[in-house]
Amino acid sequence: MINSSTIARCAKSSALSAAITSLSILAMIVLRTGLDLLFGVRQHFNWIPALEMSFVVGALWFSVFFVWSLVAAVGAEPVAEILEEETREQELTARPLSGFVAMEYYWLILNRTFVVFIAPEGLFGWRAQGMVTNVDRNYYEPYQQMLEDTEFLRAREAIKKLSQLRGGFFLERSKITSVAAYDRQKWGMGGILHSGRILVRLNSGQSREFILLGSVDREDVRNRIVQVLGTQVTSVV
C-alpha cells in the first residue's frame, strides 16, 4: 500500500511541475502579446483569461503527473522488496558486476531509464524509471550510486529479478553481435547531462540505443561490455 509520505512526495513533485508549466503558458501569452505590439498589432490585453488558461493547463498537468507518479510508486514496491532481500554469502558471486545508467527513447518522444548490468551471460536491464522530464535533471544519480555498491553487484539473483520486472530486459550474449560508442548528443534531453550513446546490435537485425546519463567514459563502457561478454562480440569505434 502507498503510505502518506509517498503521496505527499508525489503531490509535491507534481505541484512543482504544474507550477512551471502554468507559468510557462502565462509567459508565452504575455510574450505573444508583446510581439503583436512590436509589429504594430494593437490589442487590449486581459489578464483574467490569461490567468484562467494558465491555471487550467497547470491543473490538468498536475492531475496527469500526480496519477502517473502514484502509478510509478506502486510499481516501485516490488523493487523495494527485491532490494531488501538478504542474499546469503554462498549465493554472492566472487566478483561484482559493473554497469551503467542510460535512457532509451521509444515511440519517438517517450523515454525510459535503465540500469544496465554487464554479466558474462549478457546484459541485464532494470527499468528503473519511466518517462521523466527535466524538472529534476539529476534524477539518475541514485542509480549511479547503486552501481558503486559492490556488495549489491555481487547479488546476481537480485539483479536477475530486477531485470524480470515489467519493462526490464535480458540481452543474451549469443544474440549480441557488436557494441558501438558514439559521442553524438541527443536532441530533446532538456539539459539532462549525458555522455554520448551505446548502440548494441543484435543478430536479429534489431538494435538498442542507450543514452549514457551523467559524465561517464563511453569508450570505457563499450570496452567493458565487449571484454565481459567475450571475443564473439565486436567493438565498433
Side-chain angles (χ1 to χ4, degrees), residues 79 82-83 85 87-106 111-129 132 138-186 189 192-237:
V79 174
I82 294 173
L83 295 179
E85 287 181 2
T87 305
R88 292 178 298 180
E89 182 64 31
Q90 58 267 32
E91 294 177 348
L92 297 174
T93 58
R95 285 188 172 186
L97 302 182
S98 66
F100 57 92
V101 183
M103 180 181 288
E104 182 182 50
Y105 272 78
Y106 64 105
N111 63 70
R112 51 198 171 195
T113 300
F114 290 103
V115 179
V116 182
F117 302 93
I118 308 169
E121 62 268 36
L123 300 178
F124 292 96
W126 164 45
R127 195 192 71 161
Q129 200 150 332
V132 298
N138 300 316
Y139 77 95
Y140 56 86
E141 290 183 349
Y143 306 126
Q144 290 184 328
Q145 293 171 5
M146 177 183 292
L147 293 174
E148 297 174 1
D149 185 350
T150 56
E151 192 72 13
F152 166 69
L153 293 175
R154 293 174 60 204
R156 185 75 61 87
E157 285 303 314
I159 290 171
K160 287 182 179 179
K161 289 179 181 179
L162 288 175
S163 70
Q164 291 167 355
L165 295 177
R166 184 179 178 182
F169 66 82
F170 172 62
L171 301 180
E172 190 177 344
R173 179 182 63 176
S174 61
K175 296 181 180 179
I176 299 175
T177 59
S178 66
V179 181
Y182 299 102
D183 63 356
R184 296 196 304 270
Q185 296 291 292
K186 177 68 176 180
M189 292 293 286
I192 297 176
L193 180 63
H194 57 291
S195 305
R197 318 178 196 187
I198 292 292
L199 183 67
V200 179
R201 293 188 176 89
L202 309 175
N203 54 23
S204 64
Q206 297 178 325
S207 62
R208 301 287 295 264
E209 183 182 70
F210 300 107
I211 304 163
L212 297 173
L213 297 179
S215 179
V216 296
D217 187 334
R218 56 187 171 274
E219 281 81 13
D220 175 65
V221 173
R222 178 200 61 208
N223 293 341
R224 278 191 284 124
I225 295 174
V226 173
Q227 182 180 12
V228 172
L229 296 186
T231 55
Q232 69 177 42
V233 177
T234 305
S235 174
V236 180
V237 180

**OP:** Take V200 and S207, measure what side-chain contact (heavy atoms from CB on, under 4.5 Å) needs, and give me the verdict at the end.
**Re:** CA-CA 5 Å; V200 179; S207 62; over 6 Å; no
Sequence neighbours excluded, which residues qualify as side chain to side chain contact (heavy atoms under 4.5 Å, CB included) partners of [X]?
| X | value |
| --- | --- |
| F170 | E121, F124, E172 |
| N203 | K175, T177 |
| R224 | S98, I118, D220, V221 |
| A158 | I82, F152, A155 |

For [X], which residues count as a side chain to side chain donor-acceptor pair (under 3.5 Å) partner, sequence neighbours excluded?
| X | value |
| --- | --- |
| E141 | none |
| E157 | none |
| R112 | E104 |

Original post:
If only atom types and distance count, is the side chain of T150 paired as donor or acceptor with the main-chain N or O of P96 below 3.5 Å?
Top reply: no
Original post:
When you measure from the side chain of H194 to the backbone N and O of Q185, does any donor-acceptor pair fall under 3.5 Å?
Top reply: no
Test ring pair (Phe, Tyr, Trp, His ring centres under 6.0 Å) applied to [X] - qualifying residues, sequence neighbours left out:
| X | result |
| --- | --- |
| Y139 | none |
| F114 | F169 |
| Y143 | W126 |

Under 4.5 Å between any side-chain heavy atoms of [X] and [Y], yes or no?
| X | Y | result |
| --- | --- | --- |
| R127 | T113 | no |
| V101 | M146 | no |
| R154 | R95 | no |
| L229 | P120 | no |
| Y140 | Q145 | no |
| L199 | F210 | no |

**OP:** Scan L213, V216, L212, D217 and name whichever one has a side chain to side chain contact (heavy atoms under 4.5 Å, CB included) with F100.
**Re:** L212
**OP:** Report the C-alpha separation of I176 and R201 in whole Å, then their side-chain angles, then the decisive distance to 0.1 Å, and conclude whether the side-chain contact (heavy atoms from CB on, under 4.5 Å) test is met.
**Re:** CA-CA 6 Å; I176 299 175; R201 293 188 176 89; over 6 Å; no
Donor-acceptor contacts, no H, no angles, side chain residues 159-168, under 3.5 Å, sequence neighbours left out:
unit_1	atom_1	unit_2	atom_2	d
K161	NZ	E85	OE1	3.1
S163	OG	K160	O	2.7

Subject >> Derivation of the side-chain contact (heavy atoms from CB on, under 4.5 Å) call for K186 and M103 >> reply: CA-CA 10 Å; K186 177 68 176 180; M103 180 181 288; over 6 Å; no
Original post:
Could you state the interatomic distance from CZ (R197) to CZ (R208), rounded to the nearest 0.5 Å?
Top reply: 15.5 Å
Original post:
Rounded to the nearest 0.5 Å, how far apart are CZ of R218 and CD1 of I211?
Top reply: 13.5 Å
Subject >> Closest non-hydrogen atom pair between S195 and S215, with its separation >> reply: OG-CA, 3.3 Å
Original post:
With E219, which residues qualify under salt bridge (Lys or Arg N to Asp or Glu O under 4.0 Å), at least two apart?
Top reply: none
**OP:** List the steps and the verdict of side-chain contact (heavy atoms from CB on, under 4.5 Å) for R156 and L97.
**Re:** CA-CA 8 Å; R156 185 75 61 87; L97 302 182; 3.5 Å; yes
